[in-house]
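Everything on this sheet refers to the single structure shown next.
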Amino acid sequence: MSGGKHEEAVEALLQEHRSFAPSAAFAAQANATAAIYDEANADPEAWWAKQASALTWEKPFTKVLEWDAPFAQWFSDGTLNASVNCIDRHVTAGNGDKVAFHWVGEPETDTRTITYNDLLADVSQAANALESLGVSEGDRVAIYMPMIPEAVVAMLACARIGAPHSVIFGGFSAEALSDRILDADAHFVITADGGFRRGEASALKPAVDEALKTCPDVKAVLVVRRTGQEVAWMEGRDLWWHDVVAAQSTIHAPKAFPAEHPLYIMYTSGTTAAPKGIFHTTGGYLTQASTTHRLVFDIKPETDICWTSADIGWVTGHSYIVYGPLCNGVTSVMYEGTPDAGGKDRWWRIIEEYGVTILYTAPTAIRTFMKWGEALPAAHDLSSLRLLGSVGEPINPEAWMWYRKNIGGDRCPVVDTWWQTETGGIMITPLPGVASPKPGAAMTAFPGISVDVVDNDGVSVPNGHGGLLVITAPWPGMLRGIWGDPDRYRETYWSHFDGVYFAGDGAKRDDDGDLWLLGRVDDVMNISGHRLSTAEVEHALVGHHAVAEAAVVGASDDTTGQAIVAFVTLKISGEVTQGDEAALIADLRSHVALTISPIAKPRQIILTPELPKTRSGKIMRRLLRDVAEHRSLGDVTTLTDPTVVKMIDALMANHANDDD
Ligand code: WT7
């Protein structure tokens with residue numbers, strides 16, 4: 001979100017509504033109380049230990065935190081099994097008939113109901129199947145799947161046998177998939193023939209086949225049949241899920257693993273072209289995922305129907321579709337498709353049909369619904385909803401207000417939750433029933449979490465000032481490192497300020513001390529809540545035969561939060577006719593989509609004879625961002641040739657967005 005515009009909107013809304021106090025009725029039944037903060041502040045470790053005790057441990061822990069900065073261990077002498085915590089213990093408690101997932105496929109009639117009993121049988125079969133294929137404790141398994149129940153089953157089956165999963169978003173390209181499989185050194189892949197998206201069957205298996213050309217160590221590929229489309233088959237490597245899994249026993253005896261046993265790796269974009277394998281372990285992660293889910297969403301397991309609209313390929317899906325909700329034994333809705341599949345009111349129909357009580361989504365989706373108009377939600381009975389959440393990017397106050405009014409009927413508390421792939425669970429959020437949230441503010445650190453806003457020297461800023469967001473104490477769900485690269489872990493997160501975690505986000509503390517998130521301060525972009533690095537997109541662009549140099553910036557965008565704008569110089573300079581230029585730009589955009597993912601397609605590509613550089617040869621991204629956001633150009637005197645940026649500015653003015 002660009003600074004000026006955001007600030008103005010915030011000011012305007014603050015004039016109108018300062019904050020939204022919870023209703024007395026909501027507060028009276030809320031899980032969270034103000035006393036929780038006092039208890040957690042008095043002794044954060046004891047508080048987290050109490051939360052961890054709510055999990056089912058095979059061997060209870062006696063140690064809480066061991067902190068050898070920047071390496072943390074939580075509950076290290078305890079042992080547990082993540083899949084037992086998500087499934088078996090609910091079945092043992094007599095809740096096996098309870099629905100774990102109402103799965104809604106994109107095609108209208110394609111639905112499935114999966115109880116905790118069903119899940120136990122399915123996960124046990126899949127765990128037996130993986131073991132029969134030779135997957136053992138510690139082996140990494142790559143999962144590249146659409147939003148179907150088997151994706152959850154695959155994750156939990158891996159967890160059950162202690163094989164860390166690495167779920168790769170189904171929208172990623174073959175190249176991105178191969179990079180991740182190689183980095184994690186995964187020898188097993190679980191995928192599907194394809195999935196349904198935007199009204200069509202889209203393929204996944206061809207990308208796996210392509211990716212595996214460069215991954216010789218992959219021994220087996222399990223393929224779920226979802227769409228029935230034709231797939232190429234490699235005998236001896238490829239196996240149908242329905243052949244291998246269905247043949248297994250529905251009983252699998254789980255083994256307990258140490259709390260610090262790796263549960264999963266999730267790749268995310270950093271400031272360089274190479275994605276980082278963020279890895280999470282078992283006990284601390286489950287503690288934070290389940291505790292935040294219970295308190296932030298005010299979970300009542302008997303009656304709530306939770307819907308987190310994320311894809312399972314991102315951390316939000318891991319923590320708030322799979323691990324948090326299942327640990328808490330609730331019923332969730334899981335939806336395969338896009339918001340407009342079968343009509344732009346699809347979400348509201350799903351909420352009405354399943355009686356969804358808690359909706360957790362991203363600002364980009366909310367802004368899209370705003371564009372589609374309030375008549376669509378108004379035509380449906382959304383009265384089952386009682387709480388709304390937002391995540392992934394700063395939520396502008398207008399969107400917050402629209403969400404509260406048009407989706408929440410002015411009755412549901414709205415929680416804006418800040419966290420990251422690295423944090424494993426929610427870190428900054430209002431607690432419903434306790435806080436009086438302000439539209440657009442994430443408000444307060446979660447109990448047991450310590451954050452600060454600091455200046456460039458690491459000094460805490462006073463109220464009413466902005467700075468950099470840091471986390472000042474280890475937390476249970478924190479990443480335990482970057483897979484295979486402890487130095488990069490230390491360097492990326494712990495070297496900016498001594499002993500504190502640098503999040504990469506700007507934040508402001510308002511006059512009341514409440515927190516507002518202001519977007520990334522590094523070269524990470526946030527496109528519709530998807531995280532991408534400028535370097536990654538530049539790397540893809542210079543991989544195209546025609547490109548000499550590329551500079552990429554994230555420019556603010558009314559719908560997607562940020563959008564990618566690329567400035568490109570060509571190897572063969574000279575005149576390119578307008579027709580050629582349009583064709584080349586189209587080619588470059590699809591090249592980026594093929595190299596990374598369609599979500600990385602630049603909104604706009606500007607071909608320019610030169611890029612603005614400092615005398616030392618560094619590309620001046622700040623200026624390019626000004627150009628891309630149509631701001632007046634600041635100081636250009638440090639440039640080798642100040643006319644370059646003026647020329648680019650003029651080129652930019654001649655271009656409409658390249659968006660399809
Ligand atoms: C980055 C992390 C955490 C799940 C989804 C994204 C931005 C996330 C908020 C929020 C403002 C937010 C930050 C953060 N972000 N939530 N409520 N307000 N910004 O996970 O892909 O790891 O991205 O998303 O910039 O650093 P991720």
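Counting starts at 1 for both ligands and their atoms, following the listed order. Bear in mind that the values here come from a model prediction, so they are computed numbers and not experimental data.
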When the side chains of residues 311-324 are checked against the rest of the protein, which donor-acceptor pairs come out under 3.5 Å, sequence neighbours left out?
residue: Asp311; atom: OD1; partner: Gly313; partner atom: N; Å: 2.7
residue: His318; atom: ND1; partner: Ile312; partner atom: O; Å: 3.0
residue: His318; atom: ND1; partner: Trp314; partner atom: O; Å: 3.3
residue: Ser319; atom: OG; partner: Tyr285; partner atom: OH; Å: 2.6
residue: Ser319; atom: OG; partner: Gly424; partner atom: O; Å: 2.7
residue: Tyr320; atom: OH; partner: Thr292; partner atom: OG1; Å: 2.6
residue: Tyr320; atom: OH; partner: Ile426; partner atom: N; Å: 2.9
residue: Tyr323; atom: OH; partner: His165; partner atom: NE2; Å: 2.8

Run through all N or O atoms in ligand 1 and write down each protein N or O closer than 3.5 Å, as a pair with its distance.
residue: ligand 1; atom: 15 (N); partner: Gly392; partner atom: O; Å: 3.3
residue: ligand 1; atom: 16 (N); partner: Gly392; partner atom: N; Å: 3.1
residue: ligand 1; atom: 17 (N); partner: Asp416; partner atom: OD1; Å: 2.8
residue: ligand 1; atom: 17 (N); partner: Thr417; partner atom: O; Å: 2.7
residue: ligand 1; atom: 18 (N); partner: Glu393; partner atom: O; Å: 3.3
residue: ligand 1; atom: 19 (N); partner: Pro394; partner atom: N; Å: 3.4
residue: ligand 1; atom: 22 (O); partner: Thr421; partner atom: N; Å: 2.7
residue: ligand 1; atom: 22 (O); partner: Thr421; partner atom: OG1; Å: 2.5
residue: ligand 1; atom: 22 (O); partner: Arg531; partner atom: NH1; Å: 2.7
residue: ligand 1; atom: 24 (O); partner: Gly392; partner atom: O; Å: 3.3
residue: ligand 1; atom: 25 (O); partner: Asp505; partner atom: OD1; Å: 3.3
residue: ligand 1; atom: 25 (O); partner: Asp505; partner atom: OD2; Å: 2.6
residue: ligand 1; atom: 26 (O); partner: Gln420; partner atom: NE2; Å: 2.9
residue: ligand 1; atom: 26 (O); partner: Asp505; partner atom: OD1; Å: 2.5
residue: ligand 1; atom: 26 (O); partner: Arg520; partner atom: NH1; Å: 2.7

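Between Tyr501 and Trp494, the ring center distance clears the sub-6.0 Å criterion.
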- request: Decide yes or no on ring pair (Phe, Tyr, Trp, His ring centres under 6.0 Å) for Tyr144 and Phe172, but give the supporting numbers first.
  value: CA-CA 9 Å; Tyr144 183 66; Phe172 274 121; 8.5 Å; no
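Residues Glu422 and Lys276 are paired through a salt bridge, judged by an N-O separation under 4.0 Å between the basic side chain and the carboxylate.
For the side-chain contact (heavy atoms from CB on, under 4.5 Å) criterion with Val453, the lone passing option out of Leu518, Asp505, Val470, Val461 is Val461.
Shown here is His496, whose NE2 atom has more than 12 heavy atoms of other residues, nucleotides or ligands within 6.0 Å.
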